[in-house]
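Accompanying notes for the structure given below.
Residue numbers start at 1 and run along the sequence shown.
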Amino acid sequence: MSDVATNPAYDIALRSAGPGRWTTHAAREWRNPGGGLWGGYALGLCVRALEAEPEAGGEALSMTLTYAAGLPAGDLDVRTRRLRQGRSIGVWEVEVSPAGVEEVGVHGMVTLATRPATPPFAFAALPQAPAPEDLPSPEHPAGPAHFGASAFERRTLDGFPPRPTGDSRSLAWVRPRNGVWDKALLAMVTDNSAPRAMYALERVMTTTLSLTVYLHARAEELAELKDDFILIECEGRVGGGGASDERSSYWSRDGRLLATSEQLAWYRQMPPASAE
């Protein structure tokens, strides 16, 4: 068992600070190498906050996060606000800020649902991909890596950072290094793929502006997966004027579509290094 798999720093624990108010401590392990918290952490935090909210009913079904400013590791304040909570559907607002700071760092709109039993149907199909056991397990000798690589094991034929090839589509098998699949981890993994601008341009710097996630799988379906690999299919469509998009699908081995996501990123291309 790896060190990450037993590291308590990867828990997201909330403490009540009054009605609709929570505090938590984001460990340094959640940081990207640039210093700020990985964007997937805020997704998981929003799910955990509403799981702790006594007035909230149902499980996370969809969420849209706007990343207004980077969040640092350390103490954070979380605010939850009910917009509507019915018998089947609830709509909640979640705000995350550095401790003691009024300005919002991440704003989330989350739809909760008590899922009824209805006849299932599907039009999409699991993409063909090599089995995860046939792909190498990446090593990160320099320590924590971008996009939650320290929280998720990712197996793919793509290297990192990606090289511009003219094709934005990628397939990767991913599983949690710490714990088993649940709604929070499924939300977090939607920010695990490299920005699609890296597949089009060299020397790219990017940050997420907004991310919308649809969590199709019910909580009991995720529990059945335990810590098995799921397949991520990701592709970009367009970039320009500093903004680029991407969409992703998340599949179980047996072909169930667990989640889908849409992301808008802000990017810029750095000038080439000057010759000495």
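Ring pair Trp38/Trp30 is parallel by interplanar angle, where below 30° counts as parallel and above 60° as perpendicular. Relative ring orientation between Trp181 and Phe152 is described as parallel, the plane-to-plane angle staying below 30° on a 0-90° scale split at 30° and 60°.
In this structure the side chain of Ser62 never reaches within 4.5 angstrom of the side chain of Val110, judged on heavy atoms. Residues Arg154 and Arg177 have side chains not in contact (no heavy-atom distance under 4.5 Å, counting atoms from C-beta outward). By the 4.5 Å heavy-atom criterion applied to side chains, Thr208 and Gln263 are counted as neighbours. Annotation: side chain of Trp251 is not in contact with side chain of Ile230 (no heavy-atom distance under 4.5 Å). Annotation: side chain of Asp77 is not in contact with side chain of Val96 (no heavy-atom distance under 4.5 Å). Side-chain contact between Ser248 and Thr260 is absent, with no heavy atoms from C-beta onward closer than 4.5 Å. Here the side chains of Met63 and Cys46 are in contact, with some heavy-atom distance below 4.5 Å. Between Glu153 and Phe229, the closest side-chain pair of non-hydrogen atoms falls below 4.5 Å.
A donor-acceptor contact closer than 3.5 angstrom is absent between the side chains of Arg115 and Ser88. With hydrogens and angles left out, the side-chain atoms of Ser252 and Asp254 include a donor and acceptor closer than 3.5 Å. In this structure, a donor-acceptor pair under 3.5 Å is present between the side chains of Thr80 and Trp22.
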**Message:** Go through it in stages, so that I can follow the logic: the residues are His216 and Tyr214, the test is side chain to side chain contact (heavy atoms under 4.5 Å, CB included), and I'd like the CA-CA distance, side-chain angles, deciding distance and then a yes or no.
**Reply:** CA-CA 6 Å; His216 306 297; Tyr214 303 108; 3.7 Å; yes

**Test side chain to side chain donor-acceptor pair (under 3.5 Å) applied to Ser261 and Thr190, step by step** = CA-CA 7 Å; Ser261 66; Thr190 62; 5.1 Å; no

**Message:** Show, in sequence, the C-alpha distance, side-chain angles and deciding distance for Val78 and Thr23, and conclude whether the side chain to side chain contact (heavy atoms under 4.5 Å, CB included) test is met.
**Reply:** CA-CA 6 Å; Val78 182; Thr23 62; over 6 Å; no

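Atom CD of Glu220 has more than 12 neighbouring heavy atoms from other residues, nucleotides or ligands inside a 6.0 Å radius. No more than 12 heavy atoms of other residues, nucleotides or ligands sit less than 6.0 Å from atom CZ of Arg163. Applying the 6.0 Å contact sphere to CZ of Arg15 captures more than 12 heavy atoms from other residues, nucleotides or ligands. Environment of CD in Glu103: sparse, with no more than 12 heavy atoms of neighbouring residues, nucleotides or ligands closer than 6.0 Å.
Rounded to the nearest 0.5 angstrom, Arg82 CZ and Arg84 CZ are separated by 10.5 Å. Between the CG atom of Asp75 and the NE2 atom of His25 there is a distance of 6.0 Å, given to the nearest 0.5 Å. Taking CG of Leu76 as the start and CD of Glu95 as the end, the distance is 13.5 Å to the nearest 0.5 Å. Taking CD of Glu246 as the start and OG of Ser193 as the end, the distance is 6.5 Å to the nearest 0.5 Å. Met109 contributes atom CE, which lies 8.0 Å from atom CZ of Arg81 (distance to the nearest 0.5 angstrom). Distance CG/Leu225 to CG/Leu222: 6.0 Å, rounded to 0.5 Å.
Here salt bridge (charged side-chain N to carboxylate O under 4.0 Å, His left out) pairs that include residues 199-211, with residues two or more places apart or in two chains, number zero.
Of the listed residues (Val106, Leu45, Val101), just one forms a side chain to side chain contact (heavy atoms under 4.5 Å, CB included) with Leu71, and that residue is Val106. With respect to Trp173, the side chain to side chain contact (heavy atoms under 4.5 Å, CB included) criterion is satisfied by exactly one of Ile232, Leu135, Thr156: Leu135.
In summary, Asp245 and Arg237 engage in a salt bridge, as defined by a charged side-chain N under 4.0 Å from a carboxylate O. In summary, Asp228 and Arg253 engage in a salt bridge, as defined by a charged side-chain N under 4.0 Å from a carboxylate O. Using a cutoff of 4.0 Å between basic side-chain nitrogens and carboxylate oxygens, Glu59 and Lys183 are scored as salt-bridged. Electrostatic pairing of Asp182 and Arg48 counts as a salt bridge here, judged by a charged N lying under 4.0 Å from a carboxylate O. Salt-bridge annotation for Arg169 and Glu233: present, with a side-chain N of the basic residue lying under 4.0 Å from a carboxylate O of the acidic one.
Nearest heavy atoms, Ala129 versus Leu171: CB-CD1, 4.1 Å. The two residues Thr206 and Pro195 make their nearest non-hydrogen contact at OG1-CG, 3.0 Å. Scanning both residues, Leu112 and Leu50, for their nearest heavy atoms gives CD2-CD1, 4.1 Å. Residues Pro162 and Ala194 approach most closely at CG-CB, 3.8 Å, considering heavy atoms. Nearest heavy-atom pair, Ala113 versus Leu61, reported as atom, atom and distance to 0.1 Å: CB-CD2, 3.9 Å.
Although no hydrogens or angles enter the test, the distance criterion places a donor-acceptor pair under 3.5 Å between the side chain of Arg155 and the main chain of Pro132.
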